[in-house]
Amino acid sequence: MKKASTPNSKPTQDSANFLKQIIEKDLETKKVTGPIVTRFPPEPNGYLHLGHAKSICLNFGLAADFNGRCHLRFDDTNPETEDVEYVESIKDDVRWLGADWKDHLYFASDYFQQLYDWAEYLIQENKAYVCSLKEEQLREYRGDFMKPGQDSPFRTRSVEENLDLFRRMKAGEFAEGEHVLRAKIDMKSPNMNMRDPLLYRIRKVRHHRTGDAWCIYPMYDYAHPLSDAIEHVTHSICTLEFQDHRPFYDWCIENLPVPAKPKQYEFARMNMTYLVMSKRKLLQLVKEGLVMGWDDPRMPTISGMRRRGYTPECLQLFAKRIGVAKAESLIDFEILEGCVRDTLDEVSHRAMAVLNPIKVVIDNLPENHREEIQTARHPKKPELEKRILPFTKEVYIDAADFMENPPSDFFRLAPGKEVRLRNAYVIKCKEVVKDAAGNIEKLICDYDVATLGGKPTQDGRKVKGIVHWVSATECIEAEVRLFDRLFSVADPDIVSEGKDFKSNLNPNSLKVITKAKLELGLRDASQNIRYQFERVGYFALDSVDSKPNNIIFNQVVELATGH
Ligand code: ATP
Ligand code: MG
């Protein structure tokens, strides 16, 4: 059987992408002569989300387009919040997306010694100094957008004193917050990032890779450009909020004897309606038990979307469709769902599942009638082995496909009316049987033997409606999880006073159907296959909870409206 996803397909970028044009020009003008090198630099402090997926497709896609390479680099300069659990999940997610870093897996922490040596170099060049202002004073001296900064009284320390203090910082002689190392640039700069930014701070925290080897850690803004340079990255692509950091990025590259001169380019961060996309907020949902975990199928995490049943191709198509922009973009959740549908339609096996069953008894069939109806697994893939649908005296249809007192435009089953059972026969409802409480117990119908598999009625009667069904005696029972949006408003960050984004969680985002009736063949459903439950939506086995004796399907996405 064919797999629904091909994990080795590569992300690519289309030519409308402005970054692609920059690279083309850089090659044309010989500004870059070697291979094109990009990188995806996650901080291992949470699970990857849709925004990261876009960045992965972008960086690995550009590298592939230019026959270059893309590095996976963990920006692990912040030991407090980082963890190996995150490192492993990130690797797993990147690989799943089809991105291949080959042997270019790096960690900023591998460069700690080099970064330290370069810090000493800056001190020796009189371009960095140890500052002993307390945190609050540091902020005060920095000024703000209106007010220029003020030189620190420690700015004039001699090179010798700076070197001595910095070495002692490294040796662990001082407490956290006692000293920092700062670049000596310009406290009057209109760009706050150039007002003697911090290079190192003391943190007596164990690092998940370097252990207790260090008690001073480089700042992200210092470590990042230098890591890029060490790896000979040519195009360092980041999100727009780093635009104002670019002058300092360039300052680091210009003022240190680095082996390469990477350039930073910015594109707009992606946000999506009805979701939050910050790791900090996602972590809150997980920690407070408001979702099943990082991989909750409603979460915008890659692991959540995987568990839900999205394939890598869904996210690749999405990244391609939204492209890259220079301006902030808020993407409609429906764009993502459209990509999922378009991707899954081509690969999903068709099946029938009745989520809210009512029983239909076919009166004019003998008690133990059983015939096997063969039908296609996919309308455009005749090469696939046929499905077998047992047709028996008792079947289930969905309660929504029957109405006792239907309006004139209702074309499904009603007393005295006919409907076609998909792939099978036309049936006519003769009688509605109710229990003492007045609930419908079953529908008594007759079937028309001449109408198998879509054949017209012999007397030319028109039967408009087609409904899905399963045999009541030969089906499986399964749990089906239906998902709605995680938040009930388009922008969860807009909240009333005293509330936070969590107050906008959609209380009905998960609906569990415990006893759905599924066509018998789904007994052998596979994690690798996506299913279209006809007339219902796309579904996939829950990769965590589904077991052969307790089958659980997730709704990946509904069918487009109009079905
Ligand atoms: P968050 O704000 O969710 O914590 P982050 O930017 O801090 O995200 P990192 O691990 O530092 O997360 O990001 C790794 C890479 O992914 C960076 O290059 C960043 O620019 C990119 N990235 C993160 N979020 C988005 C997003 N919403 N859209 C596009 N790219 C993103
Ligand atoms: Mg970050």
Side-chain angles (χ1 to χ4, degrees), residues 10-13 17-44 52 55-77 87 90-91 94-95 97 99-122 125 127 183 199 209-210 218-239 242-243 245-267 324:
K10 301 239 172 8
T12 58
Q13 286 295 310
N17 171 339
F18 77 93
L19 292 164
K20 194 164 173 176
Q21 289 163 8
I22 288 173
I23 298 178
E24 273 161 4
K25 190 137 178 263
D26 286 348
L27 289 170
E28 225 174 82
T29 58
K30 304 231 160 23
K31 208 164 124 192
V32 177
T33 47
I36 295 300
V37 183
T38 57
R39 86 285 169 268
F40 173 64
E43 193 184 340
H52 297 115
S55 179
I56 293 166
C57 291
L58 176 64
N59 280 295
F60 281 90
L62 283 169
D65 287 346
F66 290 97
N67 245 327
R69 59 176 202 262
C70 181
H71 299 177
L72 174 61
R73 183 204 315 140
F74 287 94
D75 252 321
D76 54 350
T77 53
V87 171
I90 290 171
K91 277 159 63 177
V94 173
R95 220 179 274 124
L97 249 186
D100 183 1
W101 59 83
K102 305 214 169 73
D103 45 2
H104 297 285
L105 172 66
Y106 303 106
F107 292 83
S109 56
D110 290 342
Y111 311 138
F112 279 174
Q113 185 61 46
Q114 175 70 80
L115 299 178
Y116 174 84
D117 292 344
W118 278 337
E120 283 206 357
Y121 176 93
L122 286 175
E125 296 277 298
K127 287 174 181 163
L199 303 179
R209 296 194 82 235
T210 57
M219 300 302 289
Y220 175 87
D221 277 354
Y222 173 70
H224 198 83
L226 301 178
S227 305
D228 284 344
I230 291 170
E231 293 174 18
H232 292 262
V233 166
T234 55
H235 296 77
S236 178
I237 299 160
C238 62
T239 42
F242 288 99
Q243 199 160 19
H245 299 232
R246 193 186 334 132
F248 181 58
Y249 184 104
D250 292 339
W251 185 92
C252 292
I253 300 300
E254 277 154 27
N255 287 283
L256 282 162
V258 288
K261 296 204 179 295
K263 285 262 176 231
Q264 174 181 305
Y265 300 90
E266 305 89 14
F267 72 102
V324 275

Within the side chain of [X], is there an N or O that forms a donor-acceptor pair under 3.5 Å with the backbone of [Y]?
{"X": "Gln264", "Y": "Phe242", "value": "yes"}
{"X": "Tyr111", "Y": "Tyr116", "value": "no"}
{"X": "Thr234", "Y": "Val37", "value": "yes"}

From [atom1] ([X]) to [atom2] ([Y]), nearest 0.5 Å:
{"X": "Phe267", "Y": "Thr239", "atom1": "CZ", "atom2": "OG1", "result": "6.0 Å"}
{"X": "Leu226", "Y": "Leu199", "atom1": "CG", "atom2": "CG", "result": "9.0 Å"}
{"X": "Asn255", "Y": "Lys127", "atom1": "CG", "atom2": "NZ", "result": "4.0 Å"}
{"X": "Glu125", "Y": "Glu120", "atom1": "CD", "atom2": "CD", "result": "12.5 Å"}
{"X": "Gln21", "Y": "Glu28", "atom1": "CD", "atom2": "CD", "result": "11.0 Å"}
{"X": "Leu115", "Y": "Met219", "atom1": "CG", "atom2": "CE", "result": "13.0 Å"}

Before giving the answer on side-chain contact (heavy atoms from CB on, under 4.5 Å), spell out for Ser236 and Lys263 the whole-Å C-alpha distance, their side-chain angles and the decisive distance to 0.1 Å.
CA-CA 6 Å; Ser236 178; Lys263 285 262 176 231; over 6 Å; no
Go through it in stages, so that I can follow the logic: the residues are Leu58 and Val324, the test is side-chain contact (heavy atoms from CB on, under 4.5 Å), and I'd like the CA-CA distance, side-chain angles, deciding distance and then a yes or no.
CA-CA 8 Å; Leu58 176 64; Val324 275; 3.6 Å; yes
For [X] and [Y], does a side-chain donor sit closer than 3.5 Å to a side-chain acceptor?
{"X": "Arg39", "Y": "His224", "result": "yes"}
{"X": "Tyr249", "Y": "Glu254", "result": "no"}
{"X": "Tyr106", "Y": "His104", "result": "yes"}
{"X": "Asp117", "Y": "Gln113", "result": "yes"}
{"X": "Asn59", "Y": "His235", "result": "no"}

Ring centroid separation for Phe248 and His245, is it under 6.0 angstrom?
no
Can you name the closest pair of heavy atoms from [X] and [Y] and give their distance?
{"X": "Ile90", "Y": "Pro42", "answer": "CG2-CG, 3.8 Å"}
{"X": "Ile253", "Y": "Ala260", "answer": "CG2-O, 4.2 Å"}
{"X": "Leu256", "Y": "Trp118", "answer": "CD2-O, 3.4 Å"}
{"X": "Ile230", "Y": "Pro259", "answer": "CA-CG, 4.1 Å"}
{"X": "Pro225", "Y": "Tyr220", "answer": "CD-O, 4.3 Å"}
{"X": "Ala108", "Y": "Asp76", "answer": "N-OD1, 3.2 Å"}

Under 6.0 Å from the six-membered ring centre of Phe107 and within 45° of its axis: does the NZ or CZ of Arg209 meet both?
yes
I want to check something: taking the side chain as every heavy atom from C-beta on, are [X] and [Y] in contact at a cut-off of under 4.5 Å?
{"X": "Val32", "Y": "Phe66", "value": "no"}
{"X": "Glu266", "Y": "Arg246", "value": "yes"}
{"X": "Val233", "Y": "Arg73", "value": "yes"}
{"X": "Leu27", "Y": "Ile36", "value": "yes"}
{"X": "Val94", "Y": "Phe60", "value": "yes"}
{"X": "Lys91", "Y": "Trp101", "value": "yes"}

Derivation and outcome, side-chain contact (heavy atoms from CB on, under 4.5 Å), residues Phe40 and Ile237
CA-CA 8 Å; Phe40 173 64; Ile237 299 160; over 6 Å; no
Run the numbers on Leu62 and Asn17 for side-chain contact (heavy atoms from CB on, under 4.5 Å), then give the verdict.
CA-CA 10 Å; Leu62 283 169; Asn17 171 339; 4.0 Å; yes
Less than 4.0 angstrom from a charged side-chain N to a carboxylate O is my criterion; do Arg95 and Asp100 meet it?
no
Sequence neighbours excluded, which residues qualify as side chain to side chain contact (heavy atoms under 4.5 Å, CB included) partners of Thr29?
Lys25, Lys31
